[in-house]
Peer 1: 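One structure follows; several queries about it will come next.
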Amino acid sequence: MNETTILYPDKVSPLSRLNRILKGSRYSDAHFIILLDENTYQHCLPLLIEKMDVLEEAEFLEVPVGEEAKSIEIASQIWGALLDMNADRNSVIINLGGGCITDLGGYVAACYKRGIRFINVPTTLIGMVDAAIGGKTAINLEGYKNQVGVFVQPDYIAIEPAFIDTLPSIELTGGLFEMAKMLMLSDNELYHDFCNDIRNNDLAITNEMITHCAHFKEEVVKADPTDLSFRKVLNLGHTFGHALESFHKASNQPLNHGYAVGLGLWCALYLSVKKVGLSLELLEEYQKSLLPIVKHPKYSLKDAEAILSYMRADKKNANGMILCVLLLSLETPYIDVPVDENEVRDTILSLAKLQ
């Protein structure tokens, strides 16, 4: 598995640094292809080309916005387009977008001609602090998230905070939940400050905050590249979150991925209090600061059963058991905790009572 170099925010734009790298001898024969969607074509491609003249002659491929792009049909269309472009093993895909683009683009690159190089340029807050980092690539299958994929590392990840200015508010606030997850796992003090700033409407998303979260994930991935042990901590909130996201999509009430993770984090904290002795004060702090950002339906018992069906298919499960990451305390996660189905029902119905 190749090593990834992350270009963090600094005095010199990460895109400018990447531009110099791509002009070097390692990429002298490269055929650059930019993968993007309608949003990143309109709002992010101009900045990319402004900072990276090496890509002025690059070809580009546009895919649907969001999770709709993460399908075998879209992947197959991209492979066909790459053949039509005469893309060879010297080709390099530049994934310009959020987690859906980097998931899809990495998977397509990993499979095309048994693997071509790719580079992630995340344009969402979630992408910068989480989704673009770590080498997990995937597409969805029959309504279930990330069921088909491989571990493969990009050559580079360029974290350019200027793209945050292009985000609609829902994408920006959704990204706060992935930041919250990283801070819960990495830094007690920063997490409390983060919650206080949100509660007081005084949060500024700084380069330092983005770098802290991204660097934490980078270190976790280095310790466990293929998610066999310690890296599982990064699934905090995601077993419930992915199920909620799939449920809402199937119900024609789509829920932003970050918001789904936000609800999933509440579920994980609630179960942590119930099962492993997490302080109730931490759950209440989350309820007062972050949870009010998300509006969700009053889930019924029927809804809880549907959500449970998605959780049964979660790829992190083992031996027929639903497994979650819980917290003993901030910075102290507990992985692979079995959660029985009645506990899932109780958690979903308890969440529904809050709003």
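On a predicted model such as this, the values are computed, not experimentally measured, just so you know.
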Peer 1: Going by distance alone, is a donor N or O of one side chain under 3.5 Å from an acceptor N or O of the other, for S28 and S25?
Peer 2: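 No pair is found: no donor N or O on one side chain lies under 3.5 Å from an acceptor on the other.
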Peer 1: Less than 4.5 Å apart, side chain to side chain, heavy atoms only: is that true for I94 and I33?
Peer 2: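 The answer is no, as the side chains (C-beta and beyond) never meet within the 4.5 Å cut-off.
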Peer 1: So which of N95, D155, T102 actually passes side-chain hydrogen bond (donor to acceptor under 3.5 Å, both in side chains) with N120?
Peer 2: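 Going through the options one by one, the only one that passes is N95.
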Peer 1: Could you go through S350 and T347, starting from their C-alpha distance and side-chain angles, then the distance that decides it, and tell me whether this counts as side-chain hydrogen bond (donor to acceptor under 3.5 Å, both in side chains)?
Peer 2: CA-CA 5 Å; S350 296; T347 301; over 6 Å; no
Peer 1: Please answer whether the main-chain N or O of P64 pairs with a side-chain N or O of D37 as donor and acceptor at a distance below 3.5 Å.
Peer 2: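 Checked: no pair found.
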Peer 1: Without swapping roles, check the side chain of R89 against the backbone of G115 for a donor-acceptor pair under 3.5 Å.
Peer 2: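 Side chain of R89 to backbone of G115, a donor-acceptor pair under 3.5 Å: yes, one is there.
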Peer 1: Measuring from atom CZ of F151 to atom OG1 of T137, what distance do you get when rounded to the nearest 0.5 angstrom?
Peer 2: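 Result: 9.0 Å between the selected atoms.
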Peer 1: D336 vs K316, test: salt bridge (Lys or Arg N to Asp or Glu O under 4.0 Å). Steps then yes/no.
Peer 2: CA-CA 9 Å; D336 291 339; K316 299 179 289 294; over 6 Å; no
Peer 1: In terms of side-chain heavy atoms, does Q147 have a donor or acceptor partner in N140 at a distance below 3.5 Å?
Peer 2: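 No, no side-chain donor-acceptor pair sits under 3.5 Å.
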Peer 1: Do the side-chain N and O atoms of K136 and N146 include a donor-acceptor pair separated by under 3.5 angstrom?
Peer 2: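 Distance-only check fails for K136 and N146.
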Peer 1: Report the C-alpha separation of K249 and E67 in whole Å, then their side-chain angles, then the decisive distance to 0.1 Å, and conclude whether the salt bridge (Lys or Arg N to Asp or Glu O under 4.0 Å) test is met.
Peer 2: CA-CA 10 Å; K249 181 180 178 183; E67 291 289 327; 6.0 Å; no
Peer 1: Using 30° and 60° as the class limits, which term best fits the ring planes of W79 and Y107: parallel, tilted or perpendicular?
Peer 2: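 Taking Y107 first and then W79, their aromatic rings sit tilted (interplane angle of 30° to 60°).
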Peer 1: Quick check for you: to the nearest 0.5 Å, what is the distance between M182 atom CE and L236 atom CG?
Peer 2: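 Rounded to the nearest 0.5 Å, the CE-CG separation comes out at 10.0 Å.
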Peer 1: May I ask you to check whether Q153 and T4 show a side-chain donor-acceptor distance below 3.5 Å?
Peer 2: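 The answer is yes; a qualifying pair exists.
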Peer 1: Is H31 reaching over with its side chain to a backbone N or O of A87, donor-acceptor style, under 3.5 angstrom?
Peer 2: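 Such a contact is absent between H31 side chain and A87 backbone.
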Peer 1: M179 versus M209: any side-chain heavy-atom pair under 4.5 Å?
Peer 2: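 Heavy-atom side-chain distance check passes, below 4.5 Å.
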Peer 1: State, without any angle test, whether S279 and E281 hold a side-chain donor-acceptor pair at a distance under 3.5 Å.
Peer 2: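 A pair is found: one side chain offers a donor N or O, the other an acceptor, under 3.5 Å apart.
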Peer 1: Return yes if a side-chain donor-acceptor contact under 3.5 Å exists between Y8 and E218, otherwise no.
Peer 2: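 Their side chains do contain a donor-acceptor pair, which is all the 3.5 Å distance test asks for.
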Peer 1: Between the side chains of N19 and S16, does any donor sit under 3.5 Å from an acceptor?
Peer 2: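 No, no side-chain donor-acceptor contact under 3.5 Å.
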Peer 1: Is T124 reaching over with its side chain to a backbone N or O of G98, donor-acceptor style, under 3.5 angstrom?
Peer 2: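 No.
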Peer 1: Hey, could you give me the NZ/CG distance between K295 and L263, rounded to the nearest 0.5 Å?
Peer 2: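 So the gap between those two atoms works out to 11.5 Å.
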Peer 1: Does any part of the side chain of L265, heavy atoms only, come nearer than 4.5 Å to the side chain of F240, both counted from C-beta?
Peer 2: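 When only atoms from C-beta onward are counted, L265 and F240 do not touch, as no gap falls below 4.5 Å.
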Peer 1: Tell me every residue that passes salt bridge (Lys or Arg N to Asp or Glu O under 4.0 Å) with E160, counting only those two or more places apart in sequence or in another chain.
Peer 2: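 None.
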Peer 1: Determine yes or no for a side-chain-to-main-chain donor-acceptor pair under 3.5 angstrom, with D340 supplying the side chain and N342 the backbone.
Peer 2: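 Yes; judged by distance alone, with no hydrogens or angles, the pair exists.
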Peer 1: Hey, does the side chain of R231 reach the backbone of G134 with a donor-acceptor pair shorter than 3.5 angstrom?
Peer 2: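 It does hold such a pair.
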Peer 1: Ignoring hydrogens and angles, state whether a donor on the side chain of N196 or H192 is under 3.5 Å from an acceptor on the partner side chain.
Peer 2: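 No, no side-chain donor-acceptor contact under 3.5 Å.
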Peer 1: Strictly by modelled atom types, are Y259 and T173 linked by a side-chain donor-acceptor pair under 3.5 Å?
Peer 2: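 There is such a pair between these side chains.
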Peer 1: Just checking, is any N or O donor in the side chain of Y144 or S246 under 3.5 Å from an acceptor N or O on the other one?
Peer 2: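 On atom types as modelled, these side chains do not qualify, holding no pair under 3.5 Å.
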Peer 1: If you take the centroid of each ring, where Trp contributes its six-membered ring, are F177 and H238 closer together than 6.0 Å?
Peer 2: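 That pair fails the under 6.0 Å test.
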Peer 1: On the 0 to 90° scale, with breaks at 30° and 60°, tag the Y299-F247 ring pair as parallel, tilted or perpendicular.
Peer 2: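 Taking F247 first and then Y299, their aromatic rings stand perpendicular (interplane angle over 60°).
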Peer 1: Exactly one of H215, K217, H212 should register a side-chain hydrogen bond (donor to acceptor under 3.5 Å, both in side chains) with S186. Which one does?
Peer 2: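 Single pass found, and it is H212.
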